[in-house]
Amino acid sequence: MNQDYIKADNWSIIEEGFDAESVKSSESLFSIGNGAMGQRANFEENYTGETFQGSYIAGIYYPDKTKVGWWKNGYPKYFAKVLNAPNWIGIDIEINDEILDLNACKEVKNFRRELNMKEGWYNRSFEATLQNGTQIGVNVRRFLCMDLDEVGIINYEITAINKDTKIVYKPYVDAGVTNEDANWEEKFWEPLDVKRSGNEAFVTAQTFKTHFKVTTFMQNTIFVNDKNGNISPSNIKTGTDKIQFSYDVIIAKGQKSSIQKIAGYTVSLNHDNTISAAESAIKTALAKGYDILLDEQIEAWAKIWEMSDITIDGDVKAQQGIRFNIFQLNQTYSGKDSRLNIGPKGFTGEKYGGSTYWDTEAYCIPFYMATKDQQVARNLLTYRFNQLDKAIENAKDNLGFTNGAALYPMVTMNGEECHNEWEITHEEIHRNGAIAFAIFNYHRFTGDYSYIPEKGLEVLIGIARFWHQRANFSTSKNQYVILGVTGPNEYENNVNNNFYTNYIAKWCIDYTYEQIQKVSLEYPSDHKRIIEKVHLSDAELHDWKKVSTNMYFPFSEEHGVYLQQDGFLDKHLVQVKDLDKSQRPINQKWSWDRVLRSPYIKQADTLQGFYFFEDHFTREQLEKHFDFYEPFTVHESSLSPCVHSIQAAKLDKMDMAYTFYLRTSRLDLDDYNKEVEEGCHITSMAGTWMSIVEGFGGMRVKNDTLHFSPKIPKEWTGYSFKINFRNQILKVEINQNETKFSIEGTQELTVYVNEKAVSVKPNP
């Protein structure tokens, strides 16, 4: 049974009623962020129940020493930790000399949380009866400014319900934090300085090893019945890594008081003097004030939604699901800073570590490409170009490759490999192909070819060299094979001739060869510069083509399908429908040995190739492969349902497409994989967008033109989305009877609907 306590709503995530069992899940689901920082929805006040405290700063990490029982040559030396950053949300509260703690109250009623996705704020309210008999009402609103992205603000309001009440607010900043998933139970932060001035406080700390310096700051204002009380701290506690103020307030029965806490981070990535930058951030925020900051927040999110919103009519849960995914994607990555990328948990948790997986290129770039300015997607490509030297170093030092062959890391923060599972790190090499595909996809969608001669071709050459060297000639097959890999299906390790890996390797070599020829003709000076830099010869190109032309793909004549890898048919082929439900998810119920010997597929593998290279195969081939592989797929990867939803829609399997869409869009809200308390699946959320736009909308780019084959689930009365296609904003509206297009701008645009040309004229 999946969780179902989240209330259905078009624009908000809502929880009603306090349940200690769901606290950690809600901390993930109600997380907030602004691209520069983020935090789980932890309570501001003290809480002694089960909780997962987490605040995070984009780009700040720690190289935690890899912990393994058996060291292997080439093993990554560290696993990059997404660091739990210093805590600035904390406000301990005493009510008539008793600590407010929802885990210790006599009664908690009317508890309600709301994450308002339309306006970008998180609200929590409740009524509590403490052990001393005092009854209070609490309303807390918190948001992280999208414009002033170093600043967050909390408005914590308390109403005295049954008696006169003495309140002591104890806001603090604390750098003495630890990670939930530290390998060696060590602290990652070294305190440097604690400073205060009036109602402002600053704690400066730096990470061990990487020496990122962060100043965590706060400024507090106390209000009584909405008027500034001009109250100064009655007590100040200062330690080496923490500072806490105390403010005393007495209110009569029926009155209210509040603390407004302006806080956040300034980091050495952006400032030479982080303390003066923090002082400036406080000054700017104070000059605006809470109401203006909230108005600016609402306006900033209105602009984001104007372009990225998808509307669904007639299905509230489906609508809530897609907006939750779009909201989290925009919270996680804004595109402002090319040094940053999209982590698999974003700002919602620590699991997996690192900031960059192949998810970015395979799933996220299409979303950012179509809903923002193309520069945002180009920044994501530039991120990889800037790490090319590290990718070459990774292939050389860890795997013994030569001649500038590049293997991009499975997980990275700075270009170095930092994933600590051998069978993933050095066998799941297909990620190289996704990076090359993203370059192709960017050009196909935006029409901007300039990236390839400027930067992309060097990346492609490094990747092609890797595939050339990674393949070896099999005399028995008289073809080139790729041995000892892990495909996208991570429930199969160290296999030979994974179809997806072999296919994308061949494609990478062929595509790179084509781009070299194109650049030589159209950008001769860039061609000369690059060829001289990488020392590429015609003889080497000839050797590449021998590999790509003679690549081996395992195929079953009996079933008429490409096999996921050699030996797949040797397995006991019991379909998922015949698997006892008590055994699911198998990754939590079975030994790894049993998983590896099973036919069960974690996520789209062979079908991932059919998704990327749909135009290389016929519809009949797609259907045959889908019907063969989907019954063995357990979808225990967050990246799986979206691909299957897109392909099911293509094949007119609309009930199946809709089911997969709900699963991908509500993966976290309904906790399908029973792990949401660890954080949300941010990168797979882009797949939800793809499920609608590419799946139900059938959007493709062919010959520089948008094509659509629109379909609609029977559960919906209509849906709409916008696409920024080559700097023209196209709105697509689909209902059960028709598809309508409108365009923002002055130029006419021709699109194709079910292969028929449609001219879309600008609105008069």
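All values below were derived from every heavy atom in this structure, side-chain atoms included, with hydrogens, water molecules and symmetry-related copies excluded. Starting from 1, each residue takes its place in the sequence as its number.
Between F437 and the options Y611, F613, Y511, a ring-ring contact (aromatic ring centres under 6.0 Å, His included) holds for only F613. A side-chain contact (heavy atoms from CB on, under 4.5 Å) with L407 is found for one member of R470, R465, R431, E393 and no other, namely R431. Each of Y368, F367, Y363, Y383 was checked for a side-chain contact (heavy atoms from CB on, under 4.5 Å) with I342, and the lone residue meeting it is Y368.
Between E361 and N441, the side chains place no donor N or O within less than 3.5 Å of an acceptor N or O (distance only, hydrogens not considered). Under 3.5 Å, the side chains of N379 and S338 contain no donor-acceptor pair of N or O atoms. Of the N and O atoms on the side chains of D448 and S450, at least one donor lies less than 3.5 Å from an acceptor on the other residue. Side-chain contact, N330 with K372: a donor N or O sits under 3.5 Å from an acceptor N or O. Judged purely by distance below 3.5 Å, without hydrogens or angles, the side chains of E514 and Q517 never pair a donor atom with an acceptor atom. H419 and Y357 form no side-chain donor-acceptor contact under 3.5 Å, judged by distance and modelled atom types alone. Using modelled atom types and a 3.5 Å distance limit, the side chains of Q603 and S637 yield a donor-acceptor pair. A donor atom on one side chain and an acceptor atom on the other are not found under 3.5 Å apart for H443 and Q515. Checked by atom type, the side-chain pair N414/Y61 shows a donor-acceptor distance below 3.5 Å.
Judged by distance alone, the side chain of K213 and the main-chain N or O of Q206 form no donor-acceptor pair under 3.5 Å. Formation of a donor-acceptor pair under 3.5 Å by the S548 side chain with backbone atoms of I509 is not found in this model. With hydrogens and angles ignored, the 3.5 Å screen pairs no side-chain donor or acceptor of E417 with any backbone N or O of N394. Remark: the backbone N or O of T688 is not paired with any side-chain donor or acceptor of N325 at under 3.5 angstrom. Proximity of a side-chain donor or acceptor of S645 to a complementary backbone N or O of P641 within less than 3.5 Å is not detected. With hydrogens and angles disregarded, a donor-acceptor distance shorter than 3.5 Å links the side chain of T207 to the backbone of F212. Between the side chain of D526 and the backbone N or O of I452, no donor-acceptor pair lies under 3.5 Å. Here the side chain of Y451 pairs no donor or acceptor atom with the backbone of R378 at under 3.5 angstrom. The closest donor-acceptor contact from the side chain of S537 to the backbone of E540 lies under 3.5 Å. Side chain of N724 to main chain of I729: no donor-acceptor pair is present (N/O by atom type, distance under 3.5 Å, no hydrogens or angles).
Residue D615 qualifies as enclosed at atom CG: its count of foreign heavy atoms under 6.0 Å is above 12. Residue K545 places its NZ atom among more than 12 non-hydrogen atoms of other residues, nucleotides or ligands, all under 6.0 Å distant. Around atom NZ of K336, more than 12 heavy atoms belonging to other residues, nucleotides or ligands sit under 6.0 Å away. By the neighbour-count criterion of 12 heavy atoms within 6.0 Å, atom NZ of K722 is densely surrounded, having more than that number from other residues, nucleotides or ligands. Within 6.0 Å of CG on N472 lie more than 12 heavy atoms contributed by other residues, nucleotides or ligands. When the shell of 6.0 Å around NZ of K351 is examined, it contains more than 12 heavy atoms from other residues, nucleotides or ligands.
Classification of the F553-Y562 ring pair by plane angle, with boundaries at 30° and 60°, yields perpendicular. In this pair, F499 and F610 present their aromatic rings tilted. The plane angle is within the 30 to 60° band.
The minimum heavy-atom distance between L340 and A58, with the atom names listed, is CD1-CB, 3.7 Å. Contact detail for L667 and S684: the closest heavy-atom pair is CD2-OG, 4.2 Å. Across all non-hydrogen atoms, the minimal contact from Q565 to N498 is CB-CA, 3.9 Å. Minimum heavy-atom separation, S640 to A604: OG-N, 3.5 Å. Here the closest non-hydrogen pair linking F741 and V760 is CB-CG2, 3.7 Å. Of all the heavy atoms in T274 and V267, the pair that sits closest is CG2-C, 3.7 Å.
Within the 4.5 Å cutoff, the side chain of F466 has no heavy atoms near those of the I463 side chain. Residues T356 and R384 have side chains in contact (heavy-atom distance under 4.5 Å, counting atoms from C-beta outward). No side-chain heavy atom of N341 sits less than 4.5 Å from a side-chain heavy atom of Y333. In this structure, L83 and I57 have side chains that are not in contact, with every pair of non-hydrogen atoms separated by 4.5 Å or more. Contact check for K506 versus N502: no side-chain heavy atoms found under the 4.5 Å cut-off. With a 4.5 Å cut-off on side-chain heavy atoms, N432 and C508 do not count as touching. Side chains of L381 and I365 form a contact here, defined as non-hydrogen atoms less than 4.5 Å apart. Between W358 and Y408 the shortest side-chain heavy-atom distance does not fall below 4.5 Å.
With respect to the salt-bridge test (charged N to carboxylate O, under 4.0 angstrom), the residues E350 and K345 do not qualify. Salt-bridge annotation for E614 and R700: present, with a side-chain N of the basic residue lying under 4.0 Å from a carboxylate O of the acidic one.
To the nearest 0.5 Å, atoms OH (Y265) and CD1 (I60) are separated by 10.5 Å. With rounding to the nearest 0.5 Å, the separation of CG in D309 from CD1 in I322 is 9.0 Å. The distance from atom CD of E694 to atom CD of Q647, rounded to the nearest 0.5 Å, is 11.0 Å. Taken to the nearest 0.5 Å, the CG atom of N403 stands 12.0 Å off from the NZ atom of K396.
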> Under the side chain to side chain contact (heavy atoms under 4.5 Å, CB included) criterion, do M37 and Y56 qualify, and how do the steps go?
Replying inline: CA-CA 6 Å; M37 61 176 170; Y56 310 101; over 6 Å; no

> Is there a side chain to side chain contact (heavy atoms under 4.5 Å, CB included) between N494 and T486 once you walk through the steps?
Replying inline: CA-CA 6 Å; N494 199 34; T486 298; 5.7 Å; no

>> salt bridge (charged side-chain N to carboxylate O under 4.0 Å, His left out), that's the test. Do R444 and D704 meet it? Break it down for me.
In response: CA-CA 7 Å; R444 175 175 63 175; D704 294 323; over 6 Å; no

> Could you walk me through whether F385 and E454 pass the side chain to side chain contact (heavy atoms under 4.5 Å, CB included) check?
Replying inline: CA-CA 10 Å; F385 171 76; E454 289 174 16; over 6 Å; no

>> Show, in sequence, the C-alpha distance, side-chain angles and deciding distance for F725 and L706, and conclude whether the side chain to side chain contact (heavy atoms under 4.5 Å, CB included) test is met.
In response: CA-CA 8 Å; F725 181 68; L706 284 175; 3.7 Å; yes

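If you look at W507 and F440, their ring centroids are closer than 6.0 Å. F617 has its ring centre less than 6.0 Å from the ring centre of Y503.
A cation-pi contact links K518 to Y449, judged by a cut-off of 6.0 Å to the six-membered ring centre and 45° from its axis.
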